[in-house]
Asker: 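I have a structure I would like to understand better, so I am pasting it below and will then ask my questions one at a time.
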Amino acid sequence: MAVPDTGMSRRLVNWARAKSPWITVYNSGACNACDIEIIACLMPRFDVERFGILVKGSPRHADILIVTGHVTLKQASRLRRVWEQMPEPKYVIAMGACGAAGGVFHGLYHMMACVDCVVPVDVYVAGCPPRPDEIINAVVTCLNLMAEDAAHGGKEWRRKKPATGADTEGKSCTVIP
Amino acid sequence: MPEVVVSIGPQHPALKEPVNFKVIADGEKIVRLELDLSYNHRGIEKAAEQRNFIRVLPLLERVCGICSHSHATVFSKGIEEIMGLSIPPRAQYIRTIIAELERMHSHLLWLGVAAHVIGFNTLFMWTWRDREAVQDTLEEMSGNRVHYGMNEIGGVRRDLTPAQVEAALARLPVLEERIKKYVEMVNSEETMLIRFRDVGKMSREEALKYGAVGPTARASGVDYDVRRDDPYLAYAEVPWNVITDTHGDVYGRTRVRVGELWESTQIVRYCLENLPAGPIRVDAPKTAPKGEILSRYEAPRGELAHFIRTNGTDKVERVDIRTPTLANWTSVAVCLVNQNIADIPVIVAAIDPCLSCTSRLTVVNRVDKVGR
């Protein structure tokens with residue numbers, strides 16, 4: 001659909017997306033701890049639905065993909081396929097120590113080096129597992145990122161930004177084609 | 001009618017974890033089930049051989065996020081037996097308290113998920129709300145909601161203060177009241193009775209033949225519980241009952257789990273009230289003598305066994321993990337035959353599957369870095 005970037009309808013879409021992010025969770029080889037904490041987020045104590053955050057089963061309906069845990073070799077191509085099925089603009093949150101660098105499983109024989117080797121990650125959450133409030137915080141961070149990207153005309157602008165963090169050169173990870 | 005293969009997973013709205021079912025169906029009836037479980041295989045058994053006893057416990061806790069205390073306890077129990085250590089009673093009681101709190105959170109979680117798969121989301125919300133009380137207690141005692149890190153070889157790492165004991169005891173009456181309500185609901189709530197009764201039936205003979213364990217077996221009338229038949233920790237000193245049921249269907253499994261919830265609250269109460277004084281750990285040697293042991297434990301899902309072989313160093317030579325879900329999958333494949341396709345989620349959920357525990361084996365092509 002050809003919508004002008006600054007048009008009324010685009011602004012409406014951006015507004016609606018930020019007010020009701022739909023999430024899909026993919027267990028790419030986690031120990032279940034992250035998964036149960038995500039479900040705990042949906043429950044009366046934390047109740048993320050009051051923010052419009054809804055967990056959907058199908059990646060085709062989702063704005064944000066939460067990858068729980070590191071990625072096993074067997075799951076890598078499946079995770080990539082799930083990510084490809086999501087509509088643009090799509091965002092990825094990698095959960096926990098495993099999502100960031102493999103955590104306690106770093107370097108085992110059936111592991112990818114990191115989630116970022118398979119799908120591009122936008123937000124990392126620390127913890128083993130992260131507490132539900134940290135997960136909500138990550139989603140909110142992701143929403144801010146979305147708003148920032150939308151204001152600059154899409155996700156592309158971040159790639160053009162000069163890197164501020166650590167240099168990623170020489171990172172030894174295999175990218176799934 | 002010709003047979004049709006329905007493939008479900010590894011990513012599917014009805015699944016909480018990656019598993020692949022190939023259901024061979026004739027119309028609405030299931031003829032056969034083929035499973036692929038190994039999506040979450042991580043190679044923990046191999047990694048455990050390369051880490052010393054201090055570093056291996058956090059790794060083994062992460063076999064499963066729901067029964068993390070079970071894996072750490074069964075391993076340290078085995079190593080302590082090889083080393084010939086005797087653990088102070090206070091440590092045994094603290095381990096028991098954490099174990100039973102873990103069983104409560106796991107069963108409440110299960111009851112919620114089972115209600116969710118039959119579309120009874122109100123109960124899903126209720127049980128998970130009550131589960132937060134258990135999580136709070138666990139967090140107060142151990143500092144973490146999910147991976148507690150309480151165990152070490154020779155005892156536990158954290159002591160319980162009187163304030164923690166008091167806070168835990170204060171939460172128990174509320175939980176007991178809620179659990180009483182669940183017992184009543186399971187027996188009278190029409191929504192649950194319709195979907196649970198006569199679904200996934202398994203006789204006592206079948207349960208024994210296919211090696212079902214835990215609540216799945218006890219619901220079919222198999223009177224077996226490691227906590228009573230091979231007592232460990234403080235279970236021999238605590239008064240409690242093994243819950244069995246004769247229905248053999250999903251209804252029976254629900255009744256057993258809800259009954260166990262009640263027993264768990266009573267065990268926790270007894271242990272908190274009769275917490276012995278004394279040290280919480282003994283100094284363990286760095287290395288273990290040469291030996292072999294099969295350490296058993298009643299995890300929330302059933303009998304968990306670690307086979308441990310040591311060779312006189314500070315690492316294990318081999319650790320083999322037999323998780324309860326692995327033992328229960330065969331019984332699921334049997335239960336599903338001749339049932340409706342729509343009943344797959346509830347029958348599978350009835351064994352409380354934990355795929356992270358179960359992924360013990362996979363085929364890896366190291367050259368192409370592909371898992372099959």
Side-chain angles (χ1 to χ4, degrees), chain A residues 24-47 55-59 61 68-79 81-82 85 96-98 102-113 117 127-132 173-174 176, chain B residues 9-18 36 38-44 46-47 51 55 58-68 105-106 109 112-113 116 124-132 135-136 139 144-147 354-357 359 362-366 368-372:
Chain A
T24 193
V25 182
Y26 190 70
N27 180 336
S28 61
C31 69
N32 273 343
C34 290
D35 298 86
I36 59 171
E37 289 295 72
I38 290 175
I39 305 177
C41 282
L42 306 174
M43 292 306 130
R45 165 78 65 92
F46 298 98
D47 193 16
V55 173
K56 300 299 284 184
S58 167
H61 299 161
T68 59
H70 50 75
V71 186
T72 61
L73 293 182
K74 190 168 176 172
Q75 290 275 50
S77 59
R78 275 95 175 172
L79 174 63
R81 241 180 288 164
V82 166
Q85 284 172 15
C98 297
V104 75
F105 306 117
H106 181 79
L108 302 192
Y109 61 81
H110 198 224
M111 291 294 154
M112 299 293 294
C117 314
C128 184
R131 291 176 48 86
C173 56
T174 325
I176 296 286
Chain B
Q11 210 278 342
H12 191 272
L15 298 174
K16 302 281 168 287
E17 294 169 82
D36 184 355
S38 61
Y39 288 95
N40 277 6
H41 176 82
R42 288 154 285 176
I44 290 178
K46 192 72 194 163
R51 306 186 186 195
R55 291 179 63 215
L59 176 76
L60 287 173
E61 275 205 318
R62 280 150 185 85
V63 170
C64 171
I66 304 175
C67 40
S68 56
H105 107 69
S106 176
L109 177 154
V113 171
H116 174 67
F124 183 33
M125 296 281 166
W126 282 0
T127 54
W128 279 70
R129 180 193 61 195
D130 298 336
R131 181 176 165 271
E132 287 296 330
Q135 295 296 93
D136 284 346
E139 192 180 4
N144 207 353
R145 278 167 59 91
V146 175
H147 292 305
C354 175
L355 276 309
S356 302
C357 292
S359 303
T362 194
V363 183
V364 184
N365 182 342
R366 293 220 54 182
D368 302 330
K369 284 213 120 197
V370 187
R372 268 184 283 147

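In what follows, every chain begins at residue 1, and chains take the letters A, B, ... in the order their sequences are listed.
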Asker: For A:T68, is it the side chain, the backbone, both or neither that has a heavy atom under 4.5 Å from a heavy atom of chain B?
Answerer: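 The answer is neither part of A:T68.
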Asker: Which residue out of B:M125, B:R129, B:Q135 racks up the most heavy-atom pairs below 4.5 Å with chain A?
Answerer: B:M125
Asker: Side chain from CB out, backbone as N, CA, C, O: work out which of these in A:V71 comes under 4.5 Å of a heavy atom of chain B, or both, or neither.
Answerer: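 Contact with chain B involves no heavy atom of A:V71 at all.
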Asker: Students often mix this up, so state it plainly: with edges at 30° and 60°, are the rings of A:F105 and A:H70 parallel, tilted or perpendicular?
Answerer: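 Geometry flag for A:H70 against A:F105: perpendicular rings.
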Asker: Under a 4.5 Å heavy-atom cut-off, does chain A meet the side chain of B:H105, its backbone, both or neither?
Answerer: side chain
Asker: Which bit of B:D130 comes within less than 4.5 Å of chain A, counting heavy atoms only: side chain, backbone, both or neither?
Answerer: neither
Asker: Quick check on B:R51 against chain A: is it the side chain, the backbone, both or neither that has a heavy atom closer than 4.5 Å?
Answerer: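 Side chain of B:R51 only, per the 4.5 Å heavy-atom cut-off to chain A.
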Asker: Side chain, backbone, both or neither: which part of A:A40 has a heavy atom under 4.5 Å from chain B?
Answerer: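 Both backbone and side chain.
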Asker: Can you tell me which portion of B:E61 sits under 4.5 Å from chain A's heavy atoms? Options are side chain, backbone, both or neither.
Answerer: neither
Asker: If only side-chain N and O atoms count, and only distance matters, is there a donor-acceptor pair under 3.5 Å linking B:E17 with A:N32?
Answerer: yes
Asker: Could you check whether any side-chain N or O of A:Q75 sits under 3.5 Å from a backbone N or O of A:N27, counting only pairs where one atom can act as donor and the other as acceptor?
Answerer: yes
Asker: Please state whether the side chain, the backbone, both or neither of A:L42 comes within less than 4.5 Å of a heavy atom of chain B.
Answerer: backbone
Asker: Examine whether an atom of B:L109 lies under 4.5 Å from a heavy atom of chain A, and if so say whether it belongs to the side chain, the backbone or both; otherwise answer neither.
Answerer: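 Only the side chain of B:L109 comes within 4.5 Å of chain A.
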Asker: Indicate yes or no for a side-chain donor-acceptor contact from B:S356 to the backbone of A:A30 under 3.5 Å, with no hydrogens or angles considered.
Answerer: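 Judged by distance alone, yes, a pair lies under 3.5 Å.
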Asker: How far apart are the C-alpha atoms of A:K74 and B:D36, what are their side-chain angles, what is the distance that settles it, and do they pass the salt bridge (Lys or Arg N to Asp or Glu O under 4.0 Å) test?
Answerer: CA-CA 12 Å; A:K74 190 168 176 172; B:D36 184 355; 3.1 Å; yes
Asker: By a 4.5 Å heavy-atom criterion (distance strictly below it), what part of B:R62 contacts chain A: side chain, backbone, both, or neither?
Answerer: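 Its backbone and side chain both get close to chain A.
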Asker: Answer yes or no: is there a donor N or O on one side and an acceptor on the other, between the side chain of B:S68 and the main chain of B:V146, under 3.5 Å?
Answerer: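 Indeed, once roles are kept as given, a pair shorter than 3.5 Å links the two residues.
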Asker: Can you tell whether the side chains of A:R131 and A:E37 come within less than 4.0 Å, N to carboxylate O?
Answerer: no
Asker: Between B:Y39 and A:H110, is the ring centre distance below 6.0 Å?
Answerer: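 Not under 6.0 Å, so no.
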Asker: Most heavy-atom pairs under 4.5 angstrom with chain B, which of A:V82, A:I39, A:L79, A:V25?
Answerer: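 Top option by heavy-atom pairs under 4.5 Å: A:I39.
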